[in-house]
Amino acid sequence: MTETPIRVRFAPSPTGMFHVGGARSALFNWAMARQQADGRFVLRIEDTDAARNRPEWTEGIIRALAWLGIHEDDPHFEGPYFQSAYAAKHRETAERLYKDGRAYYCDCTREQVQERRGNPHLGYDGFCRDRGLEPGPGRALRFRVPEGGPTVVDDQVRGRVEFEHSAIEDFVIARADGSPLFVLANVVDDVEMGINEVVRGEEHLSNTPKQQLLWEALGQTPPRWAHLPVIVNEKRQKLSKRRDKVALESYQDEGYLPEAMVNYLMLLGWSPGEDREILPWSEMEPLFRVSDVNSSSAFFDEKKLRAFNGEYIRALAPDDFVERCRPWLAPDRAPWPAANFDEGVFRAVAPLAQSRVAVLSEIVPNVDFLFLDTPVDDEKSWAKAMKPGVGAEMLSAALDRFADPGLPWAAEPLKAALEEVGAGLGLKLGKAQAPVRVAVTGRTVGLPLFESLELLGRDRVRGRLSAALARLEAADAASEG
RNA sequence: GCCCCCAUCGUCUAGUGGCCUAGGACGCCGCCCUUUCAAGGCGGUAACGCCGGUUCGAAUCCGGUUGGGGGUACCA
């Protein structure tokens with residue numbers, strides 16, 4: 001029965017970084033916009049200062065949105081718009097408010113106000129309300145908050161929230177130089193663009209009565225508000241750029257899949273009411289209702305995100321997994337010499353790695369031994385696996401056994417061979433494989449060993465085994481001498 | 001200080017007066033599987049902040065309290 005198309009507003013600040021809180025908000029807005037055939041997701045870069053609307057920042061925002069699946073070429077996508085481009089309209093509206101008596105000029109300095117009120121925490125006292133000041137230098141425009149009565153914000157997630165007018169000071173809407181403040185610009189733009197749904201973070205709830213008052217003063221029906229709970233850190237404080245890992249890009253760099261991030265973010269403050277939590281965007285989108293969003297703050301739990309990510313990675317088709325790993329294998333990022341990389345070898349191990357990585361970047365330590373000239377030197381692994389005596393015995397026995405040309409170089413026979421070698425030394429396979437694993441891969445943990453040996457080839461395996469043996473003997477000699 | 005918001009396992013949540021001796025997920029712990037590590041299977045740990053009301057009956061409604069959080073600029 002809605003006659004007006006839904007026009008939700010998504011308004012990131014103009015900065016290159018894309019915040020996870022902003023990402024969740026974007027997703028919620030996006031779901032709402034897409035639920036109606038003619039719904040619109042309006043992307044507006046909010047800053048009244050044109051100098052701060054840097055193109056590269058905006059590109060970053062668009063890129064981050066695209067990563068989440070919010071694409072510029074989607075018919076529901078509108079924008080980006082720049083708030084600063086509407087400066088003329090903002091000034092015009094300020095003037096109109098003044099002419100209508102809804103705003104007045106004020107020449108009080110902050111010091112004067114504080115002196116009059118005695119308490120620095122108290123707001124403006126309305127000193128210039130009835131002084132009838134004309135516009136002029138040093139004079140800011142203040143909105144005349146109606147006397148008496150509350151402004152009631154009808155919030156879709158919080159219900160009715162009342163703000164007594166006596167608690168709202170006559171706030172400034174335009175500076176002495178005529179430039180608009182955020183509140184004014186924001187409302188004017190929303191009116192201009194026909195925004196009818198505003199979904200944003202709870203931190204804006206306190207500004208809402210001011211904005212609503214402005215809408216009404218302009219003779220407009222305010223939009224439907226929805227204030228989302230804030231996302232907090234382990235100390236239950238709002239996520240901050242300085243303290244917390246909030247940049248979407250950093251999660252992307254680590255190898256979080258956008259599908260997993262989207263899934264996880266949607267669950268922060270909202271539940272699809274299904275018997276499962278892992279579900280794709282296509283299923284969540286139609287289920288989403290802002291009115292079902294919780295009002296309590298939510299902790300951003302990277303552990304759970306990781307778990308989700310692992311599930312999404314495991315669900316990938318093998319070829320898709322290989323493709324998704326690409327960025328971490330690229331010459332500029334991988335730790336091995338570019339020429340060493342072998343596509344066929346990687347494709348062969350990828351399925352073994354797929355269930356072992358929770359984030360894509362972990363693919364590197366899993367496969368690096370295949371492409372590095374010499375395996376990484378991990379001290380802890382070495383100390384753990386190369387115990388005096390058995391380490392060297394195991395290595396030299398394996399070296400001999402692997403030299404046998406009659407031993408087929410394949411995982412199964414290799415396993416049997418090593419089992420045999422271990423048994424000869426009274427070791428179970430679990431113990432026997434350790435020194436070999438460390439000698440060949442550099443680490444105590446990793447991919448299944450025998451498949452790894454097969455892929456690496458007899459020569460390289462034997463080369464590494466003897467190198468490790470030499471290192472052990474050298475250390476032995478040093479400690480004796 | 002003032003204004004506003006919030007309150008179920010450690011965490012994200014289900015729950016809208018009886019289906020709740022409170023369900024799921026992540027985490028954690030144990031067992032199984034096992035060449036390491038994962039994955040997988042099975043099992044376990046753990047919550048309605050507190051005090052009063054309303055009601056035959058309250059996690060659910062009301063009041064208070066405590067505790068958290070947000071806002072409070074001629075910032076955005």
Side-chain angles (χ1 to χ4, degrees), chain A residues 11-15 46-49 52 83 106 108-110 119-124 138-142 153 155 157-158 161-164 166-169 171-183 185-186 201-209 227 229-230 232 234-238 264 267-278 294-308 310-311 314 352-358 362 366 381 384-385 411 414-415 418-419 422 428-434 436-438 441 443-451:
Chain A
S13 314
T15 151
E46 302 211 326
D47 203 307
T48 56
D49 180 359
R52 299 220 322 159
Q83 188 160 62
C106 167
C108 300
T109 62
R110 181 201 289 269
N119 186 335
H121 296 293
L122 260 29
Y124 181 67
R139 293 176 180 180
L141 221 214
R142 286 184 184 272
V153 172
D155 192 278
V157 350
R158 272 146 230 283
V161 185
E162 291 195 14
F163 296 85
E164 288 298 332
S166 57
I168 306 172
E169 64 177 340
F171 53 95
V172 174
I173 56 176
R175 301 183 183 87
D177 67 3
S179 64
L181 263 82
F182 175 71
V183 252
N186 201 0
E202 191 198 330
E203 63 270 24
H204 292 285
L205 186 54
S206 314
N207 307 329
T208 309
H227 288 89
V230 289
V232 299
E234 60 289 333
K235 288 161 75 188
R236 302 218 69 87
Q237 295 164 314
K238 189 174 81 160
Y264 178 69
L267 261 24
L268 240 35
W270 176 75
S271 163
E274 291 276 303
D275 55 354
R276 64 216 155 102
E277 288 190 323
I278 303 278
N294 277 164
S295 37
S296 49
S297 52
F299 169 57
F300 187 89
D301 186 2
E302 196 177 344
K303 280 224 184 96
K304 188 158 180 170
L305 208 211
R306 264 182 81 85
F308 273 37
E311 281 218 39
R314 273 171 256 128
L352 299 175
Q354 194 166 353
S355 68
R356 276 162 245 260
V357 301
E362 287 169 358
N366 268 287
S381 292
K384 201 171 164 192
L414 281 168
K415 179 183 175 187
L418 200 72
E419 213 156 13
K428 291 205 169 165
L429 190 50
K431 291 280 184 199
Q433 59 95 41
V436 176
R437 178 183 289 280
V438 172
T441 72
R443 299 185 182 86
T444 52
V445 302
L447 267 23
L449 183 60
F450 305 105
E451 286 78 354

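Each chain gets a letter, A, B and so on, in the order its sequence line appears, and its residues count up from 1.
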May I ask you to say what [X] touches in the nucleic acid, namely base, sugar-phosphate or nothing, with a heavy-atom cut-off under 4.0 Å?
X: A/Ala176; result: base
X: A/Thr109; result: nothing
X: A/Arg110; result: sugar-phosphate
X: A/Gly138; result: base

Only pairs with both distances under 3.5 Å count, Watson-Crick or wobble alike; so what is the partner of [N] in this structure?
N: B/A47; answer: none
N: B/G10; answer: B/C26
N: B/A38; answer: none
N: B/C2; answer: B/G71

Please state how far atom [atom1] in [X] lies from atom [atom2] in [N], giving the value in whole angstrom units.
X: A/Phe171; N: B/C74; atom1: CZ; atom2: C1'; result: 14 Å
X: A/Arg158; N: B/G70; atom1: CZ; atom2: P; result: 13 Å
X: A/His204; N: B/A76; atom1: NE2; atom2: P; result: 12 Å
X: A/Asp49; N: B/C74; atom1: CG; atom2: P; result: 17 Å

message: Quick check: on RNA chain B, is the nucleotide nearest A/Val161 upstream (toward 5') of the one nearest A/Asp275, or the reverse? Name the residue that is more 5'.
response: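 Mapping each residue to its closest nucleotide by heavy atoms, the 5'-most match is A/Val161.
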- prompt: OG1 of A/Thr441 to CG of A/Leu447: how many Å apart, nearest 0.5 Å?
  reply: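 Here the interatomic distance stands at 9.0 Å.
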message: Could you measure the distance from the NZ atom of A/Lys304 to the CG atom of A/Leu268? Nearest 0.5 Å is fine.
response: 9.5 Å
Can you tell me, in whole Å, how much space there is between the [atom1] of [N] and that of [M]?
N: B/U45; M: B/G30; atom1: C1'; answer: 10 Å
N: B/U65; M: B/G23; atom1: P; answer: 33 Å
N: B/A73; M: B/U54; atom1: P; answer: 44 Å
N: B/C50; M: B/C75; atom1: C1'; answer: 40 Å
N: B/U21; M: B/A38; atom1: P; answer: 38 Å
N: B/C33; M: B/G69; atom1: C1'; answer: 47 Å
N: B/U16; M: B/A58; atom1: C1'; answer: 12 Å
N: B/G10; M: B/C5; atom1: P; answer: 27 Å

Please name all residues satisfying salt bridge (charged side-chain N to carboxylate O under 4.0 Å, His left out) with [X], sequence neighbours left out, ordered by chain then number.
X: A/Arg306; result: A/Glu362
X: A/Arg443; result: A/Asp368
X: A/Arg158; result: A/Glu202
X: A/Glu164; result: none

- prompt: Would you call the rings of A/Phe182 and A/His204 parallel, tilted or perpendicular, where under 30° means parallel and over 60° means perpendicular?
  reply: tilted
- line: The side chain to side chain donor-acceptor pair (under 3.5 Å) partners of A/Asn366 (sequence neighbours excluded) come to none
- prompt: What is the per-nucleotide protein-contact pattern of nucleotides 30-43 of chain B, from the 5' end, where B denotes a base atom under 4.0 Å from a protein heavy atom, S denotes such proximity for sugar-phosphate atoms only, and - denotes neither?
  reply: -----BBBBSS---
Taking only residues two or more places apart in sequence or in another chain, which ones pass side-chain contact (heavy atoms from CB on, under 4.5 Å) with [X]?
X: A/Arg314; answer: A/Glu311, A/Ser355
X: A/Ala432; answer: A/Met394, A/Leu427
X: A/Arg142; answer: A/Tyr104, A/Cys106, A/Tyr124, A/Asp170, A/Val172
X: A/Asp49; answer: A/Asp47, A/Ala51, A/Arg52

query: Any idea which of B/A76, B/G27, B/C74 is nearest the A/Asn207 side chain?
result: B/A76
- request: Measure from the side chain of A/Pro14, starting at C-beta and using heavy atoms only, and say which of B/A76, B/G70, B/G27 lies closest.
  value: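 From the listed options, B/A76 comes nearest.
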Below 3.5 Å is the cut-off: list the nitrogen or oxygen pairs between protein and nucleotides 9-14 of chain B, distance only.
{"unit_1": "B/C12", "atom_1": "OP1", "unit_2": "A/Arg236", "atom_2": "NH1", "d": "3.3"}
{"unit_1": "B/C12", "atom_1": "OP1", "unit_2": "A/Arg236", "atom_2": "NH2", "d": "3.1"}
{"unit_1": "B/C12", "atom_1": "OP1", "unit_2": "A/Phe299", "atom_2": "N", "d": "2.9"}
{"unit_1": "B/C12", "atom_1": "O2'", "unit_2": "A/Leu267", "atom_2": "O", "d": "3.0"}
{"unit_1": "B/C12", "atom_1": "O2", "unit_2": "A/Lys304", "atom_2": "NZ", "d": "3.4"}
{"unit_1": "B/U13", "atom_1": "OP1", "unit_2": "A/Gly269", "atom_2": "N", "d": "2.6"}

Tabulate atom names and distances for all N/O pairs under 3.5 angstrom spanning the protein and nucleotides 60-65 of chain B.
none

message: For A/Ser296 and A/Asn294, which I'm curious about, is there any donor-acceptor pair between the side chains at under 3.5 Å?
response: no
task: Compare side-chain N and O positions of A/Arg52 against OP1 and OP2 of B/C75 and report whether any pair is under 4.0 Å apart.
output: no
